[in-house]
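This report concerns only the one structure given below.
Order of the sequence lines fixes the chain letters, A, B, ..., with proteins taken first and strands second; residue numbering starts at 1 for each chain. Here the structure is a predicted model, which means the values were calculated and not measured.
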Amino acid sequence: MQHDDVIWSVLNGQFCSYKQQKAKTQIFCSNEYNLTGLCDRRSCPLSNSQYATVREEKGILYLYMKVVERSHYPKKQWEKVKLHENYIRALKQINEHLIYWPRFVRHKCKQRLTKLTQYIIRTRRLMLKKTGKQELVPIKKKAERRERRHEEKAFVAANIDRAIENELLERLKKGTYGDTYTFPVNAISMDEEDEEAETDEEEEEEEEEEDEQESEEEMEYVEDFNESDAEDIEDMGDDDDDEEIIKALPLTKKRSLELEYEPAVEIPVRGAERAGIIYCYATRDSADDEWHVDKLEFKATNQPYSYIFYDRALRRRLSPPETTTK
Amino acid sequence: MAASRPLVSVYDEKGQSTGRSVVLPAVFRAPIRTDIVSFVHDQMRRNKRQAHAVSSKAGEQTSAESWGTGRAVARIPRVRGGGTHRSGQGAFGNMCRGGRMYAPLKVWRKWHRKINLKQRRYALVSAIAASGVPSLVLARGTIETVPEIPLVVSDKFQDLKKTKEAVAVLRKVGAWSDILKVYASKHTRAGKGKMRNRRTVMKRGPVIIYDKDNGVKNAFRNIPGVSLLNVERLNLLRLAPGGHLGRFLIWTESAFKKLDALYGTWSKKSQLKVDFNLPQPMMTNSDLGRLLKAFEIQSVLRAPIKRQARRKVKKNPLKNIGLMSRLNPYAGVQKRQTLLTQLKGRRTGKTIESKVAARKARTHASVKARRLSSVNLVKITKKQNAVATKKATTTKSS
């Protein structure tokens, strides 16, 4: 049954989710319809079946009223009346609507109206200033701390140094620096050690060439070929994906920005049966030219032989490539 | 216990009110007794406990003995023997490292509680009544999007089979915001429960109370926060979680209708429970404010004492002129006369005081004269006279 006193004794004594006791002297009520903001018998919107408030929404003031008759319909509980813009007229309106209501409610509503009008005036004035348009955002210590740590980790993971290196090397290869940087190029084969900077395209190019040449090579080097080896090569052909993944692995323990020249680029490769390294020899005529692959050699890790499966000297114009047996 | 009982309208799965309405069962008018609910809830909560204890041997598996006095060590029992760290260390006491704890936990602790049937039923009835008061439900932390409290839904609810449908229905009926709150409240438990399979904690949402389970349970059980209860087996721990009244309940129509039969009205006993009728409230009308202003009561009261007479402090008339003149009006006159004559006398030298003063002066002079030699006799007397007259003149002038 809707007995206000009973309700109040329950809320006051037991539990009310709107009750805020942050200060020792004063208990507040966080219910948005509360007239005074305090938690006490007369101000509690829940334990007064006949209640009214004035609330502000986007600069417009509304009078909210609640009566016993509607107490069982929470959705429709509050009757909303728009108050006049003019302060004195609004006061009259309140008097009209709350004519036989308890004095306390009427009085507090009017007080609230006054305060809110003042607040609105102030806000309007503030909006005209620069400070009004600024939105103050609180600093959340915990969140800040967390974000900072995430940033640090992301920074480390990003490997900016490496990215810069790669970029610079690429540019060098492309020749954007022209003759500004000249490095002694060996006539036979000069490659940069640990060239991770090899682009996917180049890699794929090489792979394609590999594949294309395989069929021909098979014909050429019949003696060298064992069936197992054939499988190796085919496997290698399939290992493009692996290779690219492996490419990303730190080959770069001996990284340095200064380019050292050794005969081959070593590409570690892993397949179903065995693993090994592909040695790539490439030359280019000048800094502007692209790298031309001269020789591709494969050596399995635990085996004595290395196989040259591509030699530029033996290259021919390609007709539709013969499919390799798998 | 009002004469009439209001009608509660039934809502369908679309959140619209069907034409039907049900009379509010008398349970909802039962007295709301937070103290009983709190007590019973507390007792009931103990009944799900599992026994736990510390091993009875823990800390006692040494043959330690106290070294007694005279060895410059504390007198707790110490471990015998030698050769390990352990030897000579304190044992047995709750203060010792590796000793038994204070009051080792025993399995035969009383884990469960018996609660009187009447109390249990009273608490339940209070909880149901509280759920029908919108303010209490709102205060506990529910929503304002519900069309009506108590919320009664058509029996189609009981036939729901899919959770998707259940969710849609909850949305239409205005209960979904409560469940969103539940989602928002999911967090990791604080404490060791984390590693004891009680990792997440969340708020409690609405309860669906049904009469016949044609799939409701399965439809709703996966929605977080939702509890499902059969009308015939209502559980206080679900209706007043945490001992706090006012959980949001959603009744199906047949469940709602069964309440009268289950709990009785005051005029009729309960049909489904043996020998039970609703508890009588202490006051039939508990609106104290209204009561005190009512004519029936006011007419019988005496007038209020607005000003109470307090103990008076006794004042002394001899010192307090006001009091004196109240007692003896002539006293004022007398006093005035004396004052005036005194003033007059001071100027003329005829008052008693001035006469006394003059006498004093004379005797003083004679004493002084005796002390001094006869040579200065004349001079002194003259001086004295001069002083006396001076005195007179000064008083005159003042």
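- Within 6.0 Å of NZ on B:K118 lie no more than 12 heavy atoms contributed by other residues, nucleotides or ligands.
- Applying the 6.0 Å contact sphere to NZ of B:K156 captures no more than 12 heavy atoms from other residues, nucleotides or ligands.
- Between the NZ atom in A:K75 and the CD atom in B:E144 there is a gap of 12.0 Å [rounded to 0.5 Å].
- Taking the side chain as every heavy atom from C-beta outward, B:E148 and A:K76 never approach each other to under 4.5 Å.
- Between B:P134 and A:H72 the shortest side-chain heavy-atom distance falls below 4.5 Å.
- For the pair A:P74/B:T145, no side-chain contact is recorded, criterion being any heavy-atom separation below 4.5 Å from C-beta on.
- In this structure, the side chains of A:V6 and B:S286 come closer than 4.5 Å at one or more pairs of heavy atoms.
- The CZ atom of B:R290 lies 12.0 Å from the CG atom of A:D5; values are rounded to the nearest 0.5 Å.
- Counting non-hydrogen atoms of other residues, nucleotides and ligands closer than 6.0 Å to CD1 of A:I88 gives a total of 12 or fewer.
- Looking only at side-chain heavy atoms (C-beta outward), B:L245 and A:Q14 come within less than 4.5 Å of each other.
- Under a cut-off of 6.0 angstrom, the local environment of CZ in A:R89 is sparse, with at most 12 non-hydrogen atoms contributed by other residues, nucleotides or ligands.
- Judged by distance alone, the side chain of A:S17 and the main-chain N or O of B:A139 form a donor-acceptor pair under 3.5 Å.
- Across all non-hydrogen atoms, the minimal contact from A:L46 to B:S135 is O-OG, 2.6 Å.
- Between B:R140 and A:F15, the shortest heavy-atom contact is O-CE2, 4.0 Å.
- Counting heavy atoms from C-beta outward, B:D287 and A:D4 have side chains that stay 4.5 Å or more apart.
- No more than 12 heavy-atom neighbours from other residues, nucleotides or ligands sit within 6.0 angstrom of CZ on A:R42.
- Expressed to the nearest 0.5 Å, how far OH of A:Y33 lies from CG of B:L138 amounts to 10.5 Å.
- Counting heavy atoms of neighbouring residues, nucleotides and ligands inside a 6.0 Å radius, atom CD of A:Q26 exceeds 12 of them.
- Other residues, nucleotides and ligands place more than 12 heavy atoms under 6.0 Å from the CZ atom of B:R189.
- Within 6.0 Å of NZ in B:K172 there are 12 or fewer heavy atoms belonging to other residues, nucleotides or ligands.
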